[in-house]
Amino acid sequence: MGNRKRKQKKTIYDDSLARIFFKAGMTVFVVLMLCCIVLFFVLLYRRDVYPDGMKLTRFCFAFAVVCSYGPAVIGLFKVWHQERMLGIAWKDRNDQDRPAWERDWYLDYDRGGFLLCHRAYIQRILGAKEETEYGDYGGRRKAYCVIFEDIAGKQHTLRFSSAVLKRNFLQWYQKCPGKKKKVAEA
């Protein structure tokens, strides 16, 4: 019994890339699937009003899959691009035991997808800003952006849904656990 390893608390850094992908879209997928199920039972009950209910239900199911995993697919392509440019793979990491700000990879779930970024991919942070995004139906929300230059010299913008997530990313990049360092506001 003395040689037994203690169970360590699992974090999101222990997951494979496939598991991160499936977790990223799962919440939206479950909500949309519940809507599809409710629609199916309503159409089943009211078959005389809408005889093509099965076609509509299948369309809603396909729509749920595309909408829930679309942002996760975009995140997956971004990670593959980083891995190819750096020659470093997510599966080869060995820094899971370190504190979050000392890890080489930054991982977080946000905006219906996930953000996975390697520290070496970012050449420098150019600035941070807040933007107002307008929705299709007149709704507004704030987006908190970090603008950076990658190792190839291309400029990228990371969008976060809250100021806290943006601050956590900047603290991770600057390797500081809780200190606030000033980043140029664009």
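Sequential numbering from 1 along the given sequence is applied to the chain's residues.
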- Message: Does Phe148 form a side-chain contact (heavy atoms from CB on, under 4.5 Å) with Arg124? I'd like the steps, not just the answer.
- Response: CA-CA 6 Å; Phe148 72 92; Arg124 64 186 172 127; over 6 Å; no

- Item | Co-members of the apolar cluster containing Val28 [side chain, <4.5 Å] | Leu32

- Following the transitive rule for hydrophobic clusters with a side-chain heavy-atom cut-off under 4.5 Å over Ile, Leu, Val, Met, Phe, Trp and Tyr, establish whether Val31 and Met26 coincide in one cluster. no

- Item | Non-hydrogen atoms of Ala24 and Ala72 that approach each other most closely | CB-CB, 4.0 Å

- In one Ile/Leu/Val/Met/Phe/Trp/Tyr side-chain cluster, 4.5 Å: Phe63, Val73: no

- Quick one: pull up SG in Cys117 and CD in Gln82 and give me the separation to the nearest 0.5 Å. 4.5 Å

- Test side chain to side chain contact (heavy atoms under 4.5 Å, CB included) applied to Gln123 - qualifying residues, sequence neighbours left out: Glu149

- Any donor-acceptor pair under 3.5 Å from Asp110 side chain to Ser161 backbone: yes

- Item | Gap separating the CG atom of Leu126 from the OG1 atom of Thr157, nearest 0.5 angstrom | 9.0 Å

- Phe21/Phe114 aromatic ring centres below 6.0 Å: no

- Output the distance between atom CZ (Phe61) and atom CG (Leu39), rounded to the nearest 0.5 Å. 13.5 Å

- Task: Begin from the C-alpha positions of Leu107 and Ile20 and carry the test side-chain contact (heavy atoms from CB on, under 4.5 Å) through to its verdict.
- Result: CA-CA 9 Å; Leu107 173 62; Ile20 291 168; 3.6 Å; yes

- Note on the structure: Here the gap from Ile147 atom CD1 to Leu158 atom CG, rounded to the nearest 0.5 Å, amounts to 9.5 Å

- Quick one: name the residues clustered hydrophobically with Val42, using the 4.5 Å side-chain heavy-atom rule over I, L, V, M, F, W, Y, and just say none if it's on its own. Val38

- Going only through I, L, V, M, F, W and Y residues with side-chain contacts under 4.5 Å, is there a path from Leu76 to Met85? yes

- Message: Over 60° means perpendicular and under 30° means parallel, so tell me whether Phe169 and Phe160 are parallel, tilted or perpendicular.
- Response: tilted

- Group every Ile, Leu, Val, Met, Phe, Trp and Tyr by side-chain heavy-atom contacts under 4.5 Å, then state whether Leu116 and Trp80 land in the same group. yes

- Contacts of Tyr173 that satisfy ring-ring contact (aromatic ring centres under 6.0 Å, His included) - sequence neighbours left out: none

- Report yes if the side chains of Ile122 and Asp150 come closer than 4.5 Å at any heavy-atom pair, otherwise no. no

- Item | Side chains of Lys23 and Tyr109 in contact at under 4.5 Å (non-hydrogen atoms) | yes

- Derivation of the side-chain contact (heavy atoms from CB on, under 4.5 Å) call for Tyr106 and Asn168: CA-CA 10 Å; Tyr106 177 81; Asn168 289 345; 4.0 Å; yes

- Task: To the nearest 0.5 Å, tell me how far Phe22 CZ sits from Ser16 OG.
- Result: 9.0 Å

- Message: Would you say that His118 contacts Ile88 through its side chain, given a criterion of any heavy-atom pair below 4.5 Å between the two side chains?
- Response: yes

- Message: Assess whether a salt bridge exists between Glu131 and Arg159, defined as any Lys/Arg side-chain N lying under 4.0 Å from an Asp/Glu carboxylate O.
- Response: yes

- Ile74: which other cluster members, linking ILVMFWY side chains closer than 4.5 Å, directly or transitively? none

- Task: Identify, with sequence neighbours excluded, every residue that meets ring-ring contact (aromatic ring centres under 6.0 Å, His included) alongside Trp90.
- Result: Trp105

- Item | Taking every non-hydrogen atom, the tightest pair across Glu83 and Leu17 | OE2-CD2, 4.4 Å

- Straight-line distance of Tyr144 OH to Leu165 CG, nearest 0.5 Å: 10.5 Å

- Dump the intermediate steps for side-chain contact (heavy atoms from CB on, under 4.5 Å) on Arg119 and Trp172, then the final yes or no. CA-CA 9 Å; Arg119 192 182 308 275; Trp172 165 80; 3.1 Å; yes

